[in-house]
Chemist: 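Would you mind keeping the following structure in view while I ask a few things?
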Amino acid sequence: MDKNFGAAEAEARIAKAWEDSGAFKAGANARPGGTPFSIVIPPPNVTGSLHMGHAFNNTLQDILTRWHRMKGDDVLWQPGLDHAGIATQMVVERELAKQGNVGRREMGREKFLEKVWEWKAQSGGTIIGQLRRLGASCDYSREAFTMDPHFQRAVLGVFVKMYDEGLIYRGKRLVNWDPHFETAISDLEVENREVAGHMWHFKYPLANGATYDYVEKDADGNVTFREVRDYISIATTRPETMLGDGAVAVHPSDARYAPIVGQLCEIPVGPKEHRRLIPIIADEYPDPTFGSGAVKITGAHDFNDYGVAQRNGIPLYALMDTKARMRSDGLSYEESATLAGQIARGEREAGDVSQINLVPEDMRGLDRLEARRLVVSQIEAEGLSVMTDSAEGPVPFVEAKKIMQPFGDRSNVVIEPMLTDQWFVDTARIVGPALDAVRDGRTRILPERDAKVYFHWLENIEPWCISRQLWWGHQIPVWYGLDLHAGQFTDDEGDDALDEVEILTLLTQRDFVGEEPRHHCAVDYEGVRDAFMGDLAGLPAPLNHARVVEVEDRHAAAQAFAQGLADHNLSQDPTRLVYPVWRDPDVLDTWFSSGLWPLGTLGWPEDTPELQRYFPTSVLVTGFDIIFFWVARMMMMQLALVNEVPFRTVYVHALVRDEKGKKMSKSLGNVLDPLDLIAEYGADAVRFTLAAMAAMGRDLKLSTARIAGYRNFGTKLWNAHRFAEMNGVFQAPRAEGIPAATAPVNRWIIGETARIREEVDAALDSFRFDGAAQALHAFVWGVVCDWYVEFSKPLLSGSDEGLKRETQQVMAWVLDQCLILMHPFMPFITEELWGTTAARAKMLVHADWPTYRAIDLVDAGSEAEMRWTIALIEGVRSARAQLNVPAGLTVPVVMTEADVPARQALARNGALIYRLARIEAPTEGAAPRGSITVATPGATFALPLEGLIDIQAEIARMTKGADKAAKEAAALRGRLSNPRFVQSAAEEVVEEARENLAAREAEEAQLRAALARLSELA
RNA sequence: GGGCGAUUAACUCAGUGGUAGAGUGCUUCCUUCACACGGAAGAAGUCGGGGGUUCGAAUCCCUCAUCGCCCA
């Protein structure tokens, strides 16, 4: 064997061997009737590559997976990818641009999607390959993709089902709008960042020059300020949105403004002659202590304002287009302002205000920031800024202020709340079962604190916007047709047939584009065609004979319909009449499809054997950041669809940070690439580090020093095997099962092994990966590689052939157990050692996980003996080192006192003790002059080293030891002399304290006696 | 503003009622025939401050301080 494990070479070879042998396939190594154990991978983004978070997440999943597989459970770890609408579309568009292609829109949808699939085939999903380097034992033969034909059918089927049940609806609501990608995005894709901004303070004059007493009072009700005002003061960070204000709101309890609630005030911007008046309303939302206490309400451009507007019937005036420029469509400013004024005065119902464009002509088409500058300068020019004093006299009051601003995490542009037509899931109707399932324990969320986050979010759930204005994704299975029932065409004769004139009227007078279309929902076009034909049947002839045809979009539909009418008019051939329908161009939110992940990857809606076997899945391992967005949605959706939870346990893990605790980010340059780390330290070291640091609910601060430490751990394990190989351990015939041992050291290590197996199982059972890793580390390095290997040396090289044979067998067994127990954490090095150290029936990945128990294998006598042996060796070593006895010197020893167990332990383990402590076999007698004293439980030893040692140093050393023993004894005595302790503490605790006290007292006595002798010398 | 969490050795972190632990670093010694990615010995902690409960508190409760995260 080499001195080190050649990770770089071996990992690829071993990974291939595992996969070639089908070791990871669903059900591999399952014993007959094995309990199903299944995990679906949180699907990485198809554009993604492995980062530390993935490495962490998948290491934990792999540990569970390998552990259960070795236990003989029927294991499926289902891998796959998420199609990631925005991210993928962005990547492909960028690629196309780089290659000098025409843009997406010029290319057209069909062609573009071809390009996306080409890209996917070439460079999509590299992360799956990278998972192999990590050692992830997923069933790669089952790799799934949210855009697989099967998955697509499932997703569209779900949409239709939920639509039919009324759980999905179309509506106009405020959504997060990304002006760069021109699509709605989810909250998850919005990053709130604090940026430098400004707060402007403006005066909104009261209508008709009205005035009021503005009074401020302190906490005791004393008037601190009073003036007559003809305005209300408003603070805003976004002056351009003032154009769309629908009201000014104050808190109902705010006495300052009580006199003017219900009055109208004027928005101080826009052409003078069409100044808009808006009402002052009372609402709970404004914070009286913040700013002036009055808030302008722009319902179409702010989420808080939207709520206020909804509650108070304030119209929502949209100001921006899809690129977040000031609108230039719709009515003129004059017409718009007039209508808005009528609405504000209650002279007109608000109704559909989408044609009202309150952007003054001089600002139409401007970027929102340019518009902001214009608005500010116009208000200042008019003297309607709140003023403040400065060195140069009064100036407009503008505070420099940190403000939270939403940014698109992909586009990095400021996100706009935007009022648009979107599809929504009526989450309120499916949230109940998802809450109940966690409340009653059908699904358990770990750590428990994260269940609180889950509850909090679900209890306050908002409708879920599921449409995205993208091309890459599941196109919404809804088709629209012109609404011919809208009732504007007339059948003058009432004969249920349209004559030429009536058709011409229909053709020339209708603006189909402006009308809200009819729609039907089905998984495909065939499905909606019948529904539309049904609609037509109710129309007058000849429209009721129109053919339903599919066209590209609404515009094409209007044209085709007009053309059909014209053709019919000329030919009177009813077959020329067409009723064109077009499909909703939008796609579904990627989370909608990944919400189906557990069911969809297992073949649902078909009733597959996998579904029967592995659903609900056992565990979901995922990051805390997507509890809402993914976990909650999967819960809601699986429960809504099959009335069953998607998983039994959700293990929520924290973030991997850099060693200083900073979030890893490309801009900070503190990103640790797991692939680099794997190349440098090996996958095993990276995995073990992540597992060892996976304390539940706490972020990991990852340092390479720690990884190096666990790489060294792997080397340690490797070299223990190398030692064993050199001592014939692997050549000797192996025992069947657990070897029968006679020597205390061998009986002891077998017992210790049983303990650690129980500890690892218990830790993994409760998802304490760090506990399992740390226990293994302490055992493999601290017990096996240190003590047991050292103890074995005299036995393996000794003359007692029987003992040698026994030790070889026990060591072979113990090392095998180390490999088995370590395998889920360090799969590569353990598999390699497994293969090199014996001819095996199965690879380690399929080795049987042990079930032996400490209660059967621990031998108390051997254990006590080995503890004593270790204490003696450590005592001698410590004394020697502190008194600078040359390391290589083997020293004589006199045993000055010893009880029977000590004598027995010494007799049985002398060979190891003499070698490890570097002492000669002891003689018995009184302590010679100038000797070092070593006290062990039940015995005292003297190492005669007169002339070699410093008497004063030895006195100091023993005094320290005696004092320490005395101090501990005193503490124990104090406790034991307290009757309440003896009464109320557990019996074994009291007993332990008593034993401990006796030992401490004995130790102190031994040391004091030795000290007394020494003092005579000094 | 609301919620959650953290504060333990120089650093990074375990440790949920019974004698304070690990990895890394540090000091001294050792290239002893598995391993210097090693071995031996050692130094190093008022367990953030204060109060309380308890026979007993790093651990439970209250409070303060500092830091972090989530939500507004």
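Here is how names work: the chains are called A, B, and so on, in the same order as the sequence lines, proteins then strands, and each is numbered from 1. What you are looking at is a predicted structure, and each value in this text was computed from that prediction instead of being measured. All heavy atoms count here, side chains included; hydrogens, waters and symmetry mates do not.
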Chemist: Measuring only the P atom in each nucleotide, how far is G48(B) from U59(B)? A whole number of Å is fine.
Modeler: 8 Å
Chemist: Between Glu954(A) and Arg957(A), does at least one N-O distance fall below 4.0 Å, as a salt bridge requires?
Modeler: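 Yes, Glu954(A) and Arg957(A) are salt-bridged.
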Chemist: How many Å lie between CD1 on Ile829(A) and P on A34(B), as a whole number?
Modeler: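 Spelled out: CD1 on Ile829(A) to P on A34(B) is 18 Å.
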Chemist: Across the strands shown, which category fits Asn304(A) at heavy-atom distances under 4.0 angstrom: base, sugar-phosphate, nothing?
Modeler: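 It contacts sugar-phosphate atoms only.
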Chemist: Quick one: label Lys793(A) by what it contacts on the DNA or RNA (base, sugar-phosphate, nothing), any heavy atom closer than 4.0 Å.
Modeler: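 The residue Lys793(A) makes base contact.
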Chemist: Does C29(B) have its OP1 or OP2 closer than 4.0 Å to a side-chain nitrogen or oxygen of Asn884(A)?
Modeler: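 False: Asn884(A) side-chain N/O out of range (4.0 Å or more) of C29(B) OP1/OP2.
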Chemist: For nucleotides C61(B) and U7(B), find the distance between their P atoms and express it as a whole number of Å.
Modeler: 14 Å
Chemist: Measure from the side chain of Ala985(A), starting at C-beta and using heavy atoms only, and say which of A34(B), G18(B), A41(B) lies closest.
Modeler: G18(B)
Chemist: So among Asp305(A), Thr241(A), Asp302(A), which one has a side-chain hydrogen bond (donor to acceptor under 3.5 Å, both in side chains) with Lys296(A)?
Modeler: Thr241(A)
Chemist: If I take atom CG in residue Asn712(A) and atom C1' in nucleotide G39(B), what distance separates them, rounded to the nearest angstrom?
Modeler: 14 Å
Chemist: So what does Gln774(A) touch, heavy atoms closer than 4.0 Å: a base, only the sugar-phosphate, or nothing?
Modeler: sugar-phosphate
Chemist: Heavy atoms only, 4.0 Å cut-off, all strands: where does Arg975(A) land among base, sugar-phosphate and nothing?
Modeler: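 Base contact - Arg975(A) has a heavy atom under 4.0 Å of at least one base atom.
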Chemist: What integer distance in Å separates Arg706(A):CZ from A14(B):C1'?
Modeler: 8 Å
Chemist: Determine, for Glu1003(A) against Lys964(A), whether the closest basic-nitrogen to carboxylate-oxygen distance falls under 4.0 angstrom.
Modeler: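 Salt bridge flag = no for Lys964(A) with Glu1003(A).
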Chemist: Give a yes/no on whether any side-chain N or O of Thr715(A) is located under 4.0 angstrom from OP1 or OP2 of G38(B).
Modeler: no
Chemist: NA contact type, Val982(A), heavy-atom cut-off 4.0 Å: base, sugar-phosphate, or nothing?
Modeler: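 Since no nucleic acid heavy atom lies under 4.0 Å of Val982(A), the category is nothing.
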Chemist: Would you mind classifying the nucleic acid contact of Arg957(A) as base, sugar-phosphate or nothing, using non-hydrogen atoms under 4.0 angstrom?
Modeler: nothing
Chemist: Mind checking Asn978(A) for me? I need base, sugar-phosphate or nothing, with any heavy atom below 4.0 Å counting as a touch.
Modeler: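 The answer is sugar-phosphate, as Asn978(A) gets under 4.0 Å only of primed atoms, P, OP1 or OP2.
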Chemist: Among U24(B), A41(B), A36(B), which nucleotide sits nearest the side chain of Lys3(A)?
Modeler: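 Nearest listed nucleotide: A36(B).
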Chemist: What does Ser984(A) touch in the nucleic acid at a heavy-atom separation under 4.0 angstrom: a base, only the sugar-phosphate, or nothing?
Modeler: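 Contact class for Ser984(A): base.
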Chemist: Under 3.5 Å for both donor-acceptor distances, Watson-Crick or wobble: does G1(B) have a partner, and if so which one?
Modeler: C71(B)
Chemist: Should U7(B) form a Watson-Crick or G-U wobble pair with both distances under 3.5 Å, which nucleotide is its partner?
Modeler: A65(B)
Chemist: Calculate the interatomic distance between Glu790(A) atom CD and C35(B) atom P; express it in whole Å.
Modeler: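 Rounding to the nearest Å, CD of Glu790(A) and P of C35(B) are 12 Å apart.
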Chemist: Of the listed nucleotides (C55(B), U19(B), G42(B)), which one gets closest to any side-chain atom of Gln882(A)?
Modeler: G42(B)
Chemist: Tell me which nucleotide, if any, is Watson-Crick or G-U wobble paired with U59(B) when both distances must be under 3.5 Å.
Modeler: none
Chemist: Please state how far atom CG in Leu872(A) lies from atom C1' in A40(B), giving the value in whole angstrom units.
Modeler: 16 Å
Chemist: For Arg980(A) and for Ala881(A), locate the closest nucleotide of RNA chain B by heavy-atom distance; then report the residue assigned to the nucleotide nearer the 5' terminus.
Modeler: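 In this pair, the answer is Ala881(A).
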Chemist: With a non-hydrogen cut-off below 4.0 angstrom, is Lys716(A) in contact with a base, only sugar-phosphate, or nothing?
Modeler: base
Chemist: Rounded to whole Å, how long is the line connecting atom OH of Tyr788(A) with atom P of C35(B)?
Modeler: 19 Å
Chemist: Nearest to the side chain of Phe981(A), heavy atoms from C-beta on, is which of G42(B), G18(B), A40(B)?
Modeler: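 Closest of the options to the side chain of Phe981(A): G18(B).
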Chemist: Taking side chain to side chain contact (heavy atoms under 4.5 Å, CB included) as the criterion, tell me which of Ile749(A), Val789(A), Val784(A) meets it with Met811(A).
Modeler: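 With Met811(A) as partner, Ile749(A), Val789(A), Val784(A) yield a single side chain to side chain contact (heavy atoms under 4.5 Å, CB included), made by Val789(A).
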Chemist: Where the side chain of Lys452(A) is defined as all heavy atoms beyond and including C-beta, which of U32(B), C4(B), A41(B) is the nearest nucleotide?
Modeler: C4(B)
Chemist: Which sits closer to the 5' end of RNA chain B, Arg1000(A) or Ala720(A), going by the nucleotide each is nearest to?
Modeler: Arg1000(A)
Chemist: Name the nucleic acid region contacted by His777(A), choosing base, sugar-phosphate or nothing; use a 4.0 angstrom heavy-atom cut-off, strictly under.
Modeler: sugar-phosphate
Chemist: Taking only side-chain N and O atoms of Trp457(A), does any of them lie within less than 4.0 angstrom of OP1 or OP2 on A72(B)?
Modeler: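 Trp457(A) to A72(B) OP1/OP2: no side-chain N or O under 4.0 Å.
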Chemist: Does any nucleotide pair with C13(B) by Watson-Crick or G-U wobble geometry, both distances under 3.5 Å, and what is it?
Modeler: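 Check on C13(B): paired to G21(B), both distances under 3.5 Å.
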Chemist: Between CD of Glu874(A) and CG of Leu916(A), what distance do you get to the nearest 0.5 Å?
Modeler: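 The CG atom of Leu916(A) is 11.0 Å from CD of Glu874(A), to the nearest 0.5 Å.
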Chemist: Are Tyr651(A) and Phe769(A), when compared by the centres of their aromatic rings, separated by less than 6.0 Å?
Modeler: yes
Chemist: Nearest whole Å is fine: how far is G18(B) C1' from Glu968(A) CD?
Modeler: 14 Å
Chemist: Between U12(B), A41(B), A43(B), spot the one nearest the side chain of Glu874(A), thanks.
Modeler: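 That would be A41(B).
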Chemist: Find the distance Glu995(A):CD to U19(B):P and express it as a whole number of Å.
Modeler: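 Rounding to the nearest Å, CD of Glu995(A) and P of U19(B) are 14 Å apart.
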Chemist: Applying a 3.5 Å limit to both distances, which nucleotide forms a Watson-Crick or G-U wobble pair with A43(B)?
Modeler: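 Base partner found: none.
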Chemist: Indicate the atoms forming the closest heavy-atom contact of Lys3(A) with Trp718(A), along with that distance.
Modeler: O-CD1, 3.6 Å
Chemist: Could you check which of C69(B), A43(B), C35(B) has an atom nearest any side-chain atom of Asn719(A)?
Modeler: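 Nearest nucleotide to the side chain: C35(B).
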Chemist: Phosphate oxygens OP1/OP2 of A34(B): is one of them under 4.0 Å from a side-chain N or O of Arg722(A)?
Modeler: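 Result: no.
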Chemist: Can you find a pair of side-chain heavy atoms, one from Gln808(A) and one from Asn727(A), that are under 4.5 Å apart?
Modeler: no
